[in-house]
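Have a look at the structure below, then the notes.
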Protein chains: 2
Amino acid sequence: MVNRAELDQILAGLEKTEELEGLQKAIVSLRRVFGIDHIVYHWVDSAGEQYGCGTYPLKWIDHYSEKNYLRVDPVIIGCYQRFHPIDWKRLDWSSKQARQFFADAQSFGVGNQGYSIPVRGPQGQFALFTASHNCDDATWAEFIEQNGRDLILIAHYFNRKALEFEADKKMEQSRSLSPREIDAMTLLAMGYSRPQVAHALSISEHTLRVYIESARFKLGAMNTTHAVARAIGCGLIVV
Amino acid sequence: MVNRAELDQILAGLEKTEELEGLQKAIVSLRRVFGIDHIVYHWVDSAGEQYGCGTYPLKWIDHYSEKNYLRVDPVIIGCYQRFHPIDWKRLDWSSKQARQFFADAQSFGVGNQGYSIPVRGPQGQFALFTASHNCDDATWAEFIEQNGRDLILIAHYFNRKALEFEADKKMEQSRSLSPREIDAMTLLAMGYSRPQVAHALSISEHTLRVYIESARFKLGAMNTTHAVARAIGCGLIVV
DNA sequence: TTCCAGTTCCCCATAAATAGCGAGGTCCGG
DNA sequence: CCGGACCTCGCTATTTATGGGGAACTGGAA
């Protein structure tokens, strides 16, 4: 059974920390409190940069990136399209690559059981909070039943902190577009051509061009496609 | 003080429900358990469709959409760029439009205090879970201090259920792109022109064109911009 | 009141993307 | 072993987007 007071204390400490190392420390403490083999938090930001902390063996992490397992790992693939936390057993391990990957992971000491919680940030950041352990199915099911809710909350707190650190790095973003520029970008993202967009907005094609160029300039984009991609990435328009 | 047993029972009921009405019922119960004026859950999916349930007066909801307040509401604007839950007091109410909006909301019986939790789905869905009440700052601060964590968890459960219903409606999506197609889309989203992408991938411009057209076809897109927008929206590429 | 950001309009030239045709290779699973 | 999905290359013509100039009206902020 988990010591709730200690858990609260760890979360409080996590909330107060000012450095990235605080995440790693919290993970080590959490592993002890929950009494499991591994806890990992890993995220990818809108620029494709990655950050991870956790208790997986360094050799496994190196091996993982070396083999480019990011494209094979059913945990990543499965969670990327999903919202709810998921037990590893419910993922798709049918392909040969996936089974080989799992066997490889086992040999590096990753648990045979796992529970991964996807978390998403406002700019398309994607993070995964994973608890992993070596035990039988029944024991693991009971562990998740007992602690699933806490793990969701912890994943949320981790992500909040990680995004806080990221925000420090890039504040220059988030310049907004004018209403007309948003209209234009939105319609372009919906697949309309310039003449169609101009007609839809009841303005001349030239005026539309001014908006597109203005938006491109504001977003620091090279062309329309880039501008739309950035607008979506920044949450300025809804796809 | 909140009755935890009752809260757990409501969440369990929410998890089991098979209909959208289950969300509305849960909200009514939650409002009673927490003893506050309003609870609202509102989401927008990747196609721009909206769904909402909650306890705001219908007249306010009509008034809101009639006045097109979605573009003015500081709660929406603020939460869309944020990850962590936020107290309405900490939002930006400096503009005249915002203050006018707030006054208007008050006149319709919306609470003067509020706490909104943004939640995001895998395909760019954005939801907001809001608790609102009429009381002084200190009382509200204590309420949030007491129940903030539970509210986060509840928001998570609501979103999980809402996405479940949405998934039923559109399973046809999520066809994947080939590795080369992903490379091409990714570089295009990064602002490279076709010649640049072709050079970066060390392939001929023609071959690149085949990928782009293939991706466009798979995504049902009208042009490159549309395809990139969809690829991002579907989480097939990372911006 | 002045000034700036936003909205709106026009022409012309060039660069880029799209559309049409076809063709040969690998690699995987039924 | 064969079909299908994937990767690779070529040609030409048309449509579309982008860039370079300039100009006027609006409304809210300093």
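Any value given below was found using the heavy atoms of this structure, including those in side chains, with hydrogens, waters and symmetry copies removed. Chain letters run A, B, ... following the sequence lines, proteins first, then strands; residues in each count from 1.
- Exactly one of B:Leu177, B:Ile182, B:Thr186 qualifies for a side-chain contact (heavy atoms from CB on, under 4.5 Å) with B:Leu236. That residue is B:Leu177.
- Taking the side chain of B:Pro179 as heavy atoms from C-beta on, and the options D:dC7, D:dT18, C:dT18, the nearest nucleotide is D:dC7.
- At a cut-off of 3.5 angstrom, counting only N and O atoms as typed in the model, there is a donor on one side and an acceptor on the other between the side-chain of B:Arg209 and the base of C:dA19.
- A tilted orientation is assigned to the rings of B:Phe158 and B:Phe129, their planes being inclined by 30° to 60°.
- Distance B:Leu201 CG to D:dC7 P: 11 Å, rounded to the nearest Å.
- A straight line from CG of A:Leu208 to C1' of D:dT18 spans 12 Å, rounded to a whole angstrom.
- Remark: P of C:dA19 and CD of B:Glu205 are 16 Å apart, rounded to the nearest angstrom.
- Comparing B:Asn223 and B:Ser202, the nucleotide of DNA chain D nearest to each residue sits closer to the 5' end for B:Ser202.
- Residue A:Ile212 has its side chain nearest to D:dT18 when only D:dG19, D:dT18, D:dC9 are considered.
- A donor-acceptor pair shorter than 3.5 Å cannot be found between the side chains of A:Tyr211 and A:Asp183.
- With distances taken from any side-chain atom of B:Thr224 to the nucleotides D:dT8, C:dC9, C:dA17, the minimum falls on C:dA17.
- As rounded to whole Å, 15 Å separates atom P of C:dT8 from atom NE2 of A:His199.
- Between A:Arg194 and D:dT15, a side-chain N or O to OP1/OP2 separation shorter than 4.0 Å is absent.
- For B:Ser204, a side-chain nitrogen or oxygen approaches OP1 or OP2 of D:dC9 to under 4.0 Å.
- A tilted orientation is assigned to the rings of B:Trp60 and B:Phe101, their planes being inclined by 30° to 60°.
- With the nearest nucleotide of DNA chain C identified for both A:Ser214 and A:Ile203, A:Ser214 has the one nearer the 5' end.
- In this model, the phosphate group of D:dC6 is not approached by any side-chain N or O of B:Tyr211 to a distance below 4.0 Å at OP1 or OP2.
- Looking at heavy-atom distances under 4.0 Å, B:Ser193 makes contact with sugar-phosphate atoms alone, never a base.
- For the pair A:Glu181 CD and C:dG6 P, the computed distance is 6 Å after rounding to whole Å.
- Across B:Val197, B:Leu187, B:Leu188, a single residue satisfies side-chain contact (heavy atoms from CB on, under 4.5 Å) together with B:Leu208, and that is B:Val197.
- A sub-4.0 Å separation between OP1 or OP2 of C:dC9 and a side-chain N or O of A:Thr207 is present.
- Considering only side-chain N and O atoms, B:Ser178 lies under 4.0 angstrom from the phosphate OP1 or OP2 of D:dC7.
- Comparing D:dT8, C:dG22, C:dA19 against the side chain of B:Glu213 picks out C:dA19 as the nearest.
- Atom pair A:Arg180:CZ and C:dC9:C1' shows a separation of 14 Å (rounding to whole Å applied).
- Atom OH in A:Tyr192 sits about 23 Å away from atom P in C:dA17, given to the nearest Å.
- We find that CD of B:Gln100 is positioned 11 Å from P of D:dG28, with the value rounded to whole Å.
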